Amino acid sequence: MDYCADLHIHSPFSRATSKECDLAGLAGWARVKGIQVVGTGDFTHPGWFARLREVLEPAEPGFFRLRDENVPAPLAGLAPSSAPVRFMLTAEISCIYKRHGVVRKVHNLLYVPDFAAAERINARLAGIGNIESDGRPILGLDSRNLLEILLEATSDGFLVPAHIWTPWFSLFGSKSGFDTVEECFGDLTPHVFALETGLSSDPDMNRLISALDRFSLISNSDCHSPSRLGREANLFSTGFDFFSLRDALKGNSRETFSGTVEFFPEEGKYHMDGHRDCGIRFEPDETRRHGGRCPVCGRPLTVGVLHRVLELADRDTPLYPADAPAFFSLVPLAEVVGEILGVGPASKQVMSNYVRLIDRFGSELNILLRADSAEIAAASPVLAEAIVRMREGRVIRQGGFDGEYGTIKVFEEGEVARLSGPAGAPQSDPPASGSRRAKIGGPARSGACRGTRSRPGRGARLRCTPGAGGRRAGYRQNLHPGGPAGGAAGNA
């Protein structure tokens, strides 16, 4: 079966998380996004764990469904969907501990197939620290020992280091991480077979490091609001159950683990080095020229993901085996529509058009990944052009830094108006009788998201061509005027 899974989310029991991130809200938005499997998040929190047991019931092996699947559509004007959504028991632990005389701060994801295993893990962790204060508990627990607790609770579960390049809380983070997986997990390293790349890196970056060759690379939204589900996700073509999903990740072959949906890594909020308070955004070589310090205030810069990747890289180009999973760099649909309409992605105008698009095409990922550009163009040539450029990687990038998200644009200044015609708005076919067609819309398409390998275009990194890729310098080049992406960026 072909399906899409977002396996890192948070519940309302986590800090800074929307109350709408309950199970009904997650299921409703999963249908809008085109996701069939969603992590529960936070099973270590007693309140959320009790809620999971109350609301979920077993479905396929290791998957769960809502006892009442008749959840309302999350957006006004959108018809409720009956598309199947399954949940998988997941949790994230913030491990803060000292190793080799250095304080380490590493976030790890736990995946288990049943409530009994989750309950055993919770009992062990409750004896170590406070698991009630936050959905993502902070524990003075070595990552290696957390993995041991998981394996003792269930041999069927698995652990994935979370957002592995984030500076402050990750396996390879510049502020408190390690240089190798083995340093972190010691003798239990063979039990780790997947790594979560995070929003600020992509497979091309990670495949510059030969030490990561044996690991599958997964991507998830890490969302704190259900509307952000699927901004990164995983594509499978395997059995629809926990064990098949796990084994597909172990096998790391496109036949069963089809690929991942990614941010353009420049949009991630730690892609580049910098100091947000002073508006300083640096590439790695600029950081080195300044001795790692902000030229405005003299304080240390936050060393970003690109810098750390290049520190550990031992290749000039990404290397992929012939059967490597593909990956697809996308821009969230609301951002694309907002750019075309010249308003913010959360505006009423964008949401109105978004609802009509979902109603006609079935899901957001279906539009971004699979909808035929000719069908989109029949309703909006501007939207069709935006989708084609995005799929080919021909976007304008300004890298995020020090907690500030980067920006990805599809059009140059004034280009939308020129493409849209005299009215300055996207053209569309006339409304059908008795209906109000969106200015941006198109024919409906349905089904689970399963993309084809993206077509490299001028300026696109070869992100889906195994065995090939751009030079490391290409990452820097893409951030400047005249680079392959034609983007305007530079230091803030």
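Since the model is a prediction, treat every value here as computed from it, not as a measurement.
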Practice prompt. With sequence neighbours excluded, tell me which residues meet side chain to side chain contact (heavy atoms under 4.5 Å, CB included) with E335.
Written response: E267, V331, P332, P345
Fill in: Over all atoms of both residues, closest heavy-atom pair of P167 and G304
CG-CA, 4.5 Å
Item to complete: Please test H107 against E196 for side chain to side chain donor-acceptor pair (under 3.5 Å), starting from the C-alpha separation and ending with a verdict.
Response: CA-CA 10 Å; H107 286 188; E196 185 186 59; over 6 Å; no
Fill in: Residue E60 excluded, over 12 heavy atoms near CD under 6.0 Å
yes
Discussion item. Other residues, nucleotides and ligands only: do more than 12 of their heavy atoms fall within 6.0 Å of CZ on R246?
Written reply: yes
Worksheet item: Relative to each other, are the rings of H10 and H224 parallel, tilted or perpendicular (30° and 60° limits)?
Response: tilted
Worksheet item: Are any side-chain N or O atoms of K175 and backbone N or O atoms of T166, one a donor and one an acceptor, separated by less than 3.5 Å?
Response: no
Discussion item. On a heavy-atom basis, which atom in L208 and which in T317 lie closest, and how many Å separate them?
Written reply: CD2-C, 3.4 Å
Item to complete: Test side chain to side chain donor-acceptor pair (under 3.5 Å) on S244 and D241 and set out the steps.
Response: CA-CA 6 Å; S244 295; D241 62 87; 2.9 Å; yes
Discussion item. Counting the benzene-type ring for Trp, do Y3 and F236 have ring centres under 6.0 Å apart?
Written reply: yes
Worksheet item: side-chain contact (heavy atoms from CB on, under 4.5 Å) with C294: which of D273, D402, L301, T302?
Response: L301
Worksheet entry | Intermediate values then yes/no, side chain to side chain donor-acceptor pair (under 3.5 Å), S210 and D314 | CA-CA 7 Å; S210 61; D314 55 357; 2.4 Å; yes
Discussion item. Regarding S253 and E255, do their side chains bring together a donor and an acceptor under 3.5 Å, going by distance alone?
Written reply: no
Worksheet item: Where does the angle between the aromatic ring planes of F240 and F63 fall among parallel (under 30°), tilted (30 to 60°) and perpendicular (over 60°)?
Response: perpendicular
Discussion item. Pair D204, Y320 - check side chain to side chain donor-acceptor pair (under 3.5 Å), show working.
Written reply: CA-CA 9 Å; D204 266 0; Y320 296 93; 2.5 Å; yes
Discussion item. Using the side-chain contact (heavy atoms from CB on, under 4.5 Å) definition, which of the options V382, V395, V336 pairs with F411?
Written reply: V382
Item to complete: For this output row, return yes or no: ring centroids of F401 and H271 closer than 6.0 angstrom.
Response: no
Discussion item. How long is the straight-line distance from OG1 of T407 back to CZ of F264, given to the nearest 0.5 Å?
Written reply: 12.5 Å
Discussion item. Regarding N234 and N220, do their side chains bring together a donor and an acceptor under 3.5 Å, going by distance alone?
Written reply: yes
